[in-house]
Amino acid sequence: MKGAMRITVLFFATLRDVVGARALTLELTDSDATIAQLRRELSARYPAAADNLTVALAAIDEEFAFDHDSFADGAEVAFFPPVSGGAPADRPEIFRLPTEAIDHDEIIAAITTRRTGAVCVFSGMVRGITAKDGHLPETQYLEYEAYKPMALAKMKHVADEIRARWDKVEGIAIIQRIGHLQVGDNTVLCACSAPHRDDGCFEAARYGIDRLKEIVPVWKKEVGQTGETWIEGDYQPTSSDAR
């Protein structure tokens with residue numbers, strides 16, 4: 001315990017109704033507080049919301065957070081149920097913007113169902129040498145940034161498009177790392193599972209990565225010995241890209 005701090009707590013959907021507020025400002029006596037401790041604090045203050053808080057997802061400053069995660073003075077912490085229209089267990093979906101390395105085995109397991117016979121994974125990485133126009137000839141590292149809330153929503157948009165085209169696809173994972181990435185680091189993953197390899201998982205994974213590059217708001221800056229440059233695309237969204 002290192003002294004008090006003040007945070008903003010946001011509630012959405014059912015939690016907002018039960019608590020009776022969308023946002024609260026809380027002063028906590030423990031500056032090392034975690035999400036788990038905050039759940040208990042809020043459950044004590046709002047007993048009617050205790051069951052909802054137990055199963056709610058959490059985010060710290062617009063990034064998914066977990067019970068062991070702590071937060072700083074001035075943080076914005078949100079609690080919410082899984083997003084509306086979430087996929088059932090036999091059609092799992094994963095959308096993430098992590099700063100840490102992507103665990104391919106964990107993702108494959110998460111989108112595998114009892115009917116799955118094939119998983120196709122596209123995995124991109126930071127290359128050190130690029131011959132294309134607009135890129136530095138040799139890259140030392142990349143910096144990725146995202147408009148996080150919109151990026152996650154557009155990942156869901158891409159998944160919905162995949163399902164409209166390949167109805168036998170079961171699980172879908174779309175993951176884009178952000179932050180500082182070295183040459184050889186994994187940057188992006190799009191994976192689709194299906195009962196059989198001919199049920200669209202190859203085509204769906206390819207479509208997913210192509211659409212991510214078009215409509216998911218993520219940008220990269222290449223940094224090399226000769227300078228640095230932001231890599232920008234030329235795709236112009238149409239009305240069909242909007243919800």
Side-chain angles (χ1 to χ4, degrees), residues 58-66 68-76 93-111 119-159 161-162 171-192 201-237 241:
I60 299 173
D61 294 330
E62 298 183 349
E63 182 61 83
F64 284 116
F66 305 93
H68 63 273
D69 290 331
S70 58
F71 38 84
D73 183 38
E76 180 180 272
E93 294 179 351
I94 299 172
F95 312 120
R96 297 178 186 170
L97 293 165
T99 55
E100 69 277 4
I102 301 171
D103 184 337
H104 290 60
D105 289 339
E106 183 258 327
I107 298 302
I108 291 171
I111 64 169
V119 178
C120 183
V121 178
F122 173 86
S123 179
M125 60 188 62
V126 181
R127 59 178 171 262
I129 298 175
T130 302
K132 287 186 177 182
D133 292 341
H135 295 258
L136 299 177
E138 188 164 339
T139 299
Q140 293 180 315
Y141 64 89
L142 299 181
E143 291 282 351
Y144 279 88
E145 71 173 12
Y147 180 15
K148 293 180 182 179
M150 184 175 176
L152 292 168
K154 286 304 174 185
M155 288 177 177
K156 171 62 176 171
H157 184 145
V158 173
E161 291 182 344
I162 287 173
I172 300 172
I174 302 175
I175 301 172
Q176 170 69 62
R177 289 182 67 185
I178 56 176
H180 182 100
L181 300 179
Q182 298 287 344
V183 171
D185 284 349
N186 177 238
T187 62
V188 65
L189 178 146
C190 184
C192 295
C201 59
F202 284 99
E203 297 86 350
R206 173 60 187 265
Y207 180 87
I209 188 63
D210 288 347
R211 284 296 274 159
L212 181 149
K213 298 290 186 179
E214 289 179 341
I215 67 170
V216 177
V218 175
W219 307 271
K220 70 179 179 182
K221 179 169 67 174
E222 291 185 353
V223 180
Q225 292 183 341
T226 60
E228 59 184 47
T229 183
W230 284 101
I231 304 301
E232 299 178 359
D234 54 12
Y235 181 81
Q236 294 296 311
D241 298 323

So [Y] and [X], do their side chains get closer than 4.5 Å, heavy atoms only?
X      : Y      : answer
Leu97  : Met155 : yes
Ile215 : His157 : yes
Lys156 : Glu93  : yes
Thr139 : Ile129 : no
Lys148 : Glu63  : yes
Tyr144 : Leu142 : yes
Trp219 : Pro217 : yes
Tyr207 : Glu161 : yes

Measure the [atom1]-[atom2] distance between [X] and [Y] for me, rounded to the nearest 0.5 Å.
X      : Y      : atom1 : atom2 : result
Leu212 : Ile209 : CG    : CD1   : 5.0 Å
Ile172 : Cys201 : CD1   : SG    : 11.5 Å
Asp210 : Phe122 : CG    : CZ    : 8.5 Å
Tyr141 : Glu228 : OH    : CD    : 6.5 Å
Ile102 : Ile107 : CD1   : CD1   : 7.5 Å

For side chain to side chain contact (heavy atoms under 4.5 Å, CB included), just list the numbers for Val119 and Cys192, CA-CA rounded to whole Å, side-chain angles, deciding distance to a tenth of an Å, and then say yes or no.
CA-CA 6 Å; Val119 178; Cys192 295; over 6 Å; no
Salt-bridged, Arg206 to Glu203, with N to O below 4.0 Å?
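Glu203 and Arg206: not salt-bridged.
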Tell me which donor-acceptor pairs under 3.5 Å the side chains of residues 180-191 have, and how far apart each pair is, sequence neighbours excluded?
from   : atom 1 : to     : atom 2 : distance (Å)
His180 : ND1    : Glu143 : OE2    : 2.8
His180 : NE2    : Gln182 : NE2    : 2.9
Asp185 : OD2    : Gln182 : N      : 2.7
Asn186 : ND2    : Ser123 : OG     : 2.6
Asn186 : ND2    : Gly124 : O      : 2.7
Asn186 : ND2    : Val188 : O      : 3.4
Thr187 : OG1    : Gly124 : O      : 3.4

Whether the side chain of [X] engages the backbone of [Y] through a donor-acceptor N/O pair (distance < 3.5 Å, no angle test) should be reported.
X      : Y      : answer
Arg177 : Pro98  : no
Lys154 : Pro149 : no
Arg96  : Gln176 : no
His68  : Phe66  : no

Should the heavy atoms of other residues, nucleotides or ligands under 6.0 Å from CD of Gln225 be counted, would the total exceed 12?
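Open.
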Which atom pair, heavy atoms only, marks the closest approach of Ile174 to Ala159?
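Heavy atoms only, the tightest pair is CD1-N, 4.2 Å.
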Return the minimal non-hydrogen interatomic distance between Ile60 and Ser70, and the atom names on each side.
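Smallest interatomic distance, heavy atoms only, reads CD1-O, 3.5 Å.
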Report the C-alpha separation of Ile231 and Thr229 in whole Å, then their side-chain angles, then the decisive distance to 0.1 Å, and conclude whether the side chain to side chain contact (heavy atoms under 4.5 Å, CB included) test is met.
CA-CA 6 Å; Ile231 304 301; Thr229 183; 3.9 Å; yes
Non-neighbouring partners of Glu76 that pass side-chain contact (heavy atoms from CB on, under 4.5 Å), sequence neighbours left out
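Result, side-chain contact (heavy atoms from CB on, under 4.5 Å) vs Glu76: Leu10, Asp61, Glu62.
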Does the side chain of Tyr235 come under 3.5 Å of the side chain of Asp241 through a donor N or O and an acceptor N or O?
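Yes, a side-chain donor-acceptor pair sits under 3.5 Å.
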